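First the structure, in the form of structure tokens, and then the observations on it.
Residue numbers count from 1 along this sequence. Numbering of ligands and ligand atoms starts at 1, following listing order. These numbers come from a predicted model, not from an experiment.
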Amino acid sequence: MGYVDEVLESLKKKNASEPEFLQAAEEVLDSLRPVVEANEAVYRREAILERITEPDRQIKFRVPWVDDKGQVQVNIGYRVQFNNAIGPYKGGIRLHPSVNIGIIKFLGFEQIFKNSLTSLPIGGGKGGSDFDPKGKSDREIMAFCQSFISELYKYIGADTDVPAGDIGTGAREIGYMFGMYKKLHGTYEGVLTGKGLSYGGSLARTEATGYGLLYITEELFKAHGQSLSGKTIAVSGAGNVAIYATQKAQQLGAKVVTCSDSTGWIYDPEGIDVELLREVKEVKRARLTEYAAARKSAEYHEKKNGEHGVWSIKCDIALPCATQNELDLEDAKQLVANGVTAVCEGANMPTTIDATKYLQDNNVWFIGGKAANAGGVATSALEMSQNSERLSWSFEEVDSKLQQIMVNIFHNIDDAAKRYGCEGNYVAGANIAGFEKVVNAMLAQGVC
Ligand code: NDP
Ligand code: 2IT
């Protein structure tokens with residue numbers, strides 16, 4: 001049995017209760033085969049694959065907080081510090097009832113390669129809690145965030161581990177966490193990114209993941225002699241990534257006709273009204289039924305299991321921007337039947353492995369999340385730079401750096417795929433390019 005298969009087998013035994021982590025590990029290791037085969041003796045001796053798939057450490061803690069009725073609630077908090085070969089651990093905090101250690105491990109593992117692709121000095125980590133922010137008052141959110149960080153603060157720091165937003169964690173939550181960190185630690189430092197602009201946040205961080213997704217998609221089309229102008233796009237999600245992906249797509253001349261949330265989805269043939277969507281989701285924190293109620297051209301569909309949702313709509317480009325495994329094989333077949341040209345992942349691992357293979361086998365250009373959504377964490381790293389030099393850059397400066405980073409990522413993953421004989425396989429290209437840099441650093445730093 002080859003080295004990759006041995007390690008995958010052992011991972012399956014050791015992590016049987018963590019299907020999302022196993023899925024992420026299998027996707028990466030499978031596509032690293034040509035690199036591993038070319039370096040097998042060294043990687044085996046140095047146990048590179050065993051080391052890169054085992055987190056440096058996993059922190060799990062109790063998060064007690066008092067709700068508005070005076071009742072004490074208890075949630076579980078996690079931080080997985082996966083790999084810091086190329087920089088301090090960096091990755092978001094997910095607040096969602098589905099969060100468990102396997103989900104945080106899959107996200108932390110992917111973050112190693114994504115962060116490496118940005119070309120900036122950041123390692124991989126991720127955190128979160130099974131806390132559900134939906135329907136909570138501002139005071140309850142603050143109580144949770146303060147309790148969460150009052151344990152986590154011991155393990156993070158501007159040069160150690162720098163958390164940020166993810167599902168359920170936006171500027172409000174980061175603000176409450178930053179305030180409590182500052183009080184407990186007694187330092188004013190860039191320990192979190194995605195901060196408000198008046199206390200160390202970076203312009204363009206809010207927009208960065210969605211904008212970055214469109215910058216790389218644009219470069220993909222350019223490389224194939226096409227542009228985004230006039231293209232029809234299906235987006236899923238209605239959160240931070242989906243909103244700013246939609247905004248940038250429209251600026252680039254495409255038409256986004258869908259969005260979705262956890263209870264339903266919208267088909268708006270005249271194009272999504274981004275300002276209305278922002279009002280419904282960012283300000284009112286309401287459901288998409290409110291979008292439909294305010295817009296004549298929009299059809300609202302309740303989410304139903306077994307139906308394709310936004311993927312049933314004919315489009316040139318599909319941008320999954322909600323959550324993991326939201327685009328399965330049947331959805332992929334529907335997209336291909338409808339003539340889709342490209343799928344680029346705004347979310348982390350939104351496409352199942354068999355759906356990805358089906359899309360690739362049917363010549364759909366496919367860029368996975370580690371490359372396509374790297375603009376968010378890249379801009380977080382730019383926020384860290386600004387915090388270190390105690391300066392704030394203009395929106396244009398950050399945005400143009402972001403654009404350059406995404407263009408570079410596209411060419412790096414394209415080149416890596418070509419180097420290893422799998423031209424056009426951007427998933428393999430991203431995994432290989434991300435892996436090479438981290439492994440070189442691990443080898444240079446010895447066994448640690
Ligand atoms: P948000 O919390 O802002 O939005 C998530 C959106 O997805 C919401 O509209 C939510 O619906 C919807 N959704 C639908 N089904 C689910 C489900 N089962 N679980 C969670 N959400 C669901 O998160 P983001 O936009 O920040 O994140 C979206 C994806 O992008 C995630 O995979 C995240 O890991 C990834 N990502 C985020 C980055 C960032 O900078 N924020 C950077 C890189 C990747 P509802 O409105 O009903 O809650
Ligand atoms: O998945 C991701 O890359 C994020 N949620 C952003 C992480 C960050 O540190 O900005």
Note: heavy atom closest to atom 11 (O) of ligand 1, options Pro350, Ser262, Gly264, belongs to Ser262
For atom 20 (C) of ligand 1, what's the nearest protein heavy-atom neighbour? Residue, atom name and distance, please. His96 NE2, 3.4 Å
Of the options Val241, Leu319, Leu213, Asn348, which is the one that meets Asn373 in a side chain to side chain contact (heavy atoms under 4.5 Å, CB included)? Asn348
Please state whether the rings of Tyr215 and Tyr211 are parallel, tilted or perpendicular, taking 30° and 60° as the class boundaries. perpendicular
Gly239, Gly237, Ala322: member with heavy atom nearest to atom 28 (C) of ligand 1: Ala322
Applying a 4.0 Å heavy-atom criterion (strictly less than), which segment of Arg205 is in contact with ligand 1: side chain, backbone, both, or neither? side chain
Evaluate the ring planes of Phe144 and Phe131, with Trp represented by its six-membered ring, and classify them as parallel (under 30°), tilted (30 to 60°) or perpendicular (over 60°). parallel
Can you check whether Tyr89 and Phe82 have ring centres sitting under 6.0 Å from each other? no
Considering only heavy atoms, does Lys134 approach ligand 1 within less than 4.0 Å through its side chain, its backbone, both, or neither? side chain
Nearest-neighbour protein heavy atom for atom 2 (O) of ligand 1, which is reported as residue plus atom name and distance: Gly168 N, 3.0 Å
What protein heavy atom is closest to atom 27 (O) of ligand 1, reported as residue, atom name and distance in Å? Ile167 CG1, 3.7 Å
Is there side-chain contact between Gln23 and Asn325, with heavy atoms separated by less than 4.5 Å? yes
Where does Arg94 meet ligand 1, judged by heavy-atom distances below 4.0 Å: at the side chain, the backbone, both, or neither? side chain
4.0 Å heavy-atom contact, Arg287 with ligand 1: no
Closest to atom 40 (O) of ligand 1 (judged by heavy-atom distance), picking from Thr209, Ile243, Leu277: Thr209
Show me the pairs that pass ring-ring contact (aromatic ring centres under 6.0 Å, His included) and involve residues 280-319, at least two apart or across chains. Trp265-His301
Quick look: Glu326 vs ligand 1, heavy-atom contacts under 4.0 Å, and the answer is neither
Honestly, is Lys105 close enough over Phe21, meaning NZ or CZ under 6.0 Å from the six-membered ring centre and within 45° of the axis? yes
Could you check if a side-chain atom of Gln111 sits within less than 4.5 angstrom of a side-chain atom of Asn83, using non-hydrogen atoms only? no
Relative to atom 37 (C) of ligand 1, which among Val241, Asn240, Thr263, Val280 owns the nearest non-hydrogen atom? Val241
Please give the N or O to N or O pairs under 3.5 Å between ligand 2 and the protein, distances rounded to 0.1 Å.
unit_1: ligand 2; atom_1: 1 (O); unit_2: Lys114; atom_2: NZ; d: 2.9
unit_1: ligand 2; atom_1: 1 (O); unit_2: Lys126; atom_2: NZ; d: 3.0
unit_1: ligand 2; atom_1: 1 (O); unit_2: Asn348; atom_2: ND2; d: 3.0
unit_1: ligand 2; atom_1: 3 (O); unit_2: Gln111; atom_2: NE2; d: 2.8
unit_1: ligand 2; atom_1: 3 (O); unit_2: Lys114; atom_2: NZ; d: 2.7
unit_1: ligand 2; atom_1: 5 (N); unit_2: Lys126; atom_2: NZ; d: 3.3
unit_1: ligand 2; atom_1: 5 (N); unit_2: Gly165; atom_2: O; d: 3.0
unit_1: ligand 2; atom_1: 5 (N); unit_2: Asp166; atom_2: OD1; d: 3.0
unit_1: ligand 2; atom_1: 9 (O); unit_2: Lys90; atom_2: NZ; d: 2.7
unit_1: ligand 2; atom_1: 10 (O); unit_2: Arg205; atom_2: NH2; d: 3.0
unit_1: ligand 2; atom_1: 10 (O); unit_2: Ser380; atom_2: OG; d: 2.5

In ligand 1, which numbered atoms sit nearer than 4.0 Å to a non-hydrogen atom of Cys321? 28 (C), 29 (C)
Taking the side chain as C-beta and beyond, is there a heavy-atom pair between Ile104 and Val99 under 4.5 Å? yes
Apply side chain to side chain donor-acceptor pair (under 3.5 Å) to the pair Asp268 and Ser297, showing each step before the final yes or no. CA-CA 6 Å; Asp268 192 340; Ser297 56; 2.7 Å; yes
Nearest heavy atom to atom 34 (O) of ligand 1 wins, so pick from Val99, Asn325, Asp166, Leu95. Asp166
Taking atom 16 (C) of ligand 1 as the reference point, the nearest protein heavy atom with its distance: Thr323 CG2, 3.8 Å
I want to check something: taking the side chain as every heavy atom from C-beta on, are Ile93 and Asp166 in contact at a cut-off of under 4.5 Å? no
Passes side chain to side chain donor-acceptor pair (under 3.5 Å), Arg205 versus Ser380? Steps please. CA-CA 7 Å; Arg205 175 61 188 92; Ser380 277; 2.9 Å; yes
